[in-house]
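Below is one structure, written out as structure tokens, with a few remarks after it.
Atoms within a ligand are numbered from 1 in the order they appear, just like the ligands themselves.
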Amino acid sequence: MGSGPAIRHFIDIADLSGNELRAILEESARMKRGRLGLGKAVREPDAPLAGRMMALIFEKPSTRTRVSFDVAMRQMGGDTLMLSSTELQLGRGETIQDTARVLSRMVDAIMIRSGNHEAVCELAAHAEVPVINGLTPRSHPCQIMADLLTLAEHKGDLEDTVVAWSGDGNNVALSFIHAAAKLGFSLRLACPEEFSPDPDDLKWAQALNSNIVLTRDPVEAAAGADCIVTDAWVSMGDTDAELREAALEPFRVDADLMAHAAKDAIFMHCLPAYRGKEVTEEVLESPMSVVFDEAENRLHAQKGILAWCLNVLS
Ligand code: CP
Ligand code: NVA
């Protein structure tokens, strides 16, 4: 077998170089500037993905990831197949390996949202086309590309930005850790001990000389920060809601916590949000909140990711 160019999977931000991440973000911003209007059936002028087909596999619910990949692919001239694992033979015991090989013969890229991170890695190991991680319990890299785009739009140079996370040290938090380590911005995580990021992941980040700190005190994390970010206390697949809500109560983002951040700080949340739990209605609906810019940026970020994976970066 010949060894062709490496397939560009997008499984984790940690797998890419800073330059690759910056190229994706630049492409995403370029795609955003080139758009004619939200909601219109516009195609990018050069339709770089004309004739390409992407399979979108969802084992869990999704609004933003589903719609943004579908619309991104179509606006770039390509097409999508929306699949759920219960409709695939995968749900009846066909192996991931065989599924990867079969899909690779028919589609140009695969996006999967799965309850099992290792299964996504296995899919990528056996696929002959790019595999994109659309969220696993471990990480949510596509979300963080949209968040970085949003941060750069509101705060300028990422390297000079201080981001404070207050809440569960979950999949979204881990992708933030990966991004901070690769792109050099400061990240302060305030998490309860039992819902903190894995120490091995923090060690990985430290080895890259990253500027990441973990504290138990949300105020310490928020002090002077440019952005405060949080996520749901109970993620898809979590079965310990009561424990989580009790432990995470002190980490709620409210107006008092926002007051400790920089004067012009923004609030981010990947959505869906649970008002009165991880964030108050007051903060979510305040002028500081950029959550709907963030949601829109999923569309533009997916385009950058697709352009990188399918090797059509401009
Ligand atoms: N933020 C995010 O991934 O949203 P969905 O679950 O709606 O895709
Ligand atoms: N942490 C959340 C993100 C949802 C987009 C979850 O995994 O359910």
For R64, the ligand 1 atoms with a heavy-atom partner under 4.0 Å come out as 1 (N), 2 (C), 4 (O), 5 (P), 7 (O), 8 (O)
Short N/O distance, under 3.5 Å, between L271 and ligand 1? yes
I'd like to know whether NZ of K60 has more than 12 heavy-atom contacts from other residues, nucleotides or ligands below 6.0 angstrom. yes
Salt bridge or not for D160 and K155, using N-O below 4.0 Å? no
Which residue owns the protein heavy atom closest to atom 6 (O) of ligand 1, what's the atom, and how far is it? R113 NH1, 2.8 Å
Would you mind checking which non-hydrogen protein atom is closest to atom 8 (O) of ligand 2, with the distance to 0.1 Å? M236 N, 2.8 Å
Numbered in order shown, the ligand 2 atoms found under 4.0 Å of a heavy atom of L135 are 3 (C), 4 (C), 5 (C), 7 (O)
Close approach, H140 and ligand 1, non-hydrogen under 4.0 angstrom: yes
May I ask you to check if ligand 2 and S235 share an N or O to N or O distance below 3.5 Å? yes
Does R74 come within less than 4.0 Å of D70, counting only side-chain N to carboxylate O? yes
Considering only heavy atoms of C270, which atoms of ligand 1 have at least one such atom less than 4.0 Å away? 1 (N)
Atoms in ligand 1 with a heavy atom of Q143 nearer than 4.0 Å: 1 (N), 2 (C), 3 (O)
Are the charged groups of E194 and R244 less than 4.0 angstrom apart, N to O? no
Which of the atoms in ligand 2, numbered in the order shown and given with their element, are less than 4.0 Å from a heavy-atom of N170? 1 (N)
Salt-bridge contact D201-R138 (side-chain N to carboxylate O under 4.0 Å): yes
Ligand-side contact atoms (ligand 1) for residue partner R298, heavy atom cut-off under 4.0 Å: 1 (N), 2 (C), 3 (O)
So for ligand 1, is R66 a polar contact partner (N or O within less than 3.5 Å, distance only)? no
Under 3.5 Å, which donor-acceptor pairs link side chains of residues 282-290 to any protein atom two or more places apart or in another chain?
| residue | atom | partner | partner atom | Å |
| --- | --- | --- | --- | --- |
| E285 | OE2 | R275 | NH2 | 2.7 |
| S286 | OG | V283 | O | 2.8 |
| S286 | OG | M288 | N | 3.3 |
| S289 | OG | L284 | O | 2.8 |

the protein heavy atom lying closest to atom 3 (C) of ligand 2 turns out to be D231 OD2, 3.6 Å
For ligand 2, the portion of L271 having any non-hydrogen atom under 4.0 Å away: backbone
Tell me, which protein residue and heavy-atom name are nearest atom 7 (O) of ligand 1, and how many Å apart are they? T63 N, 2.6 Å
Nearest-0.5 Å distance, OG1 of residue T161 to CG of residue L148: 9.5 Å
Quickly, which of M268, R64, E153 forms a side-chain contact (heavy atoms from CB on, under 4.5 Å) with E294? Name it, please. M268
Would you say the side chains of E220 and T215 form a donor-acceptor pair under 3.5 Å? yes
Where on N171 is there a heavy atom closer than 4.0 Å to ligand 2, on the side chain, on the backbone, on both, or on neither? side chain
Under 4.0 Å between a Lys/Arg side-chain N and an Asp/Glu carboxylate O for E27 and K303? no
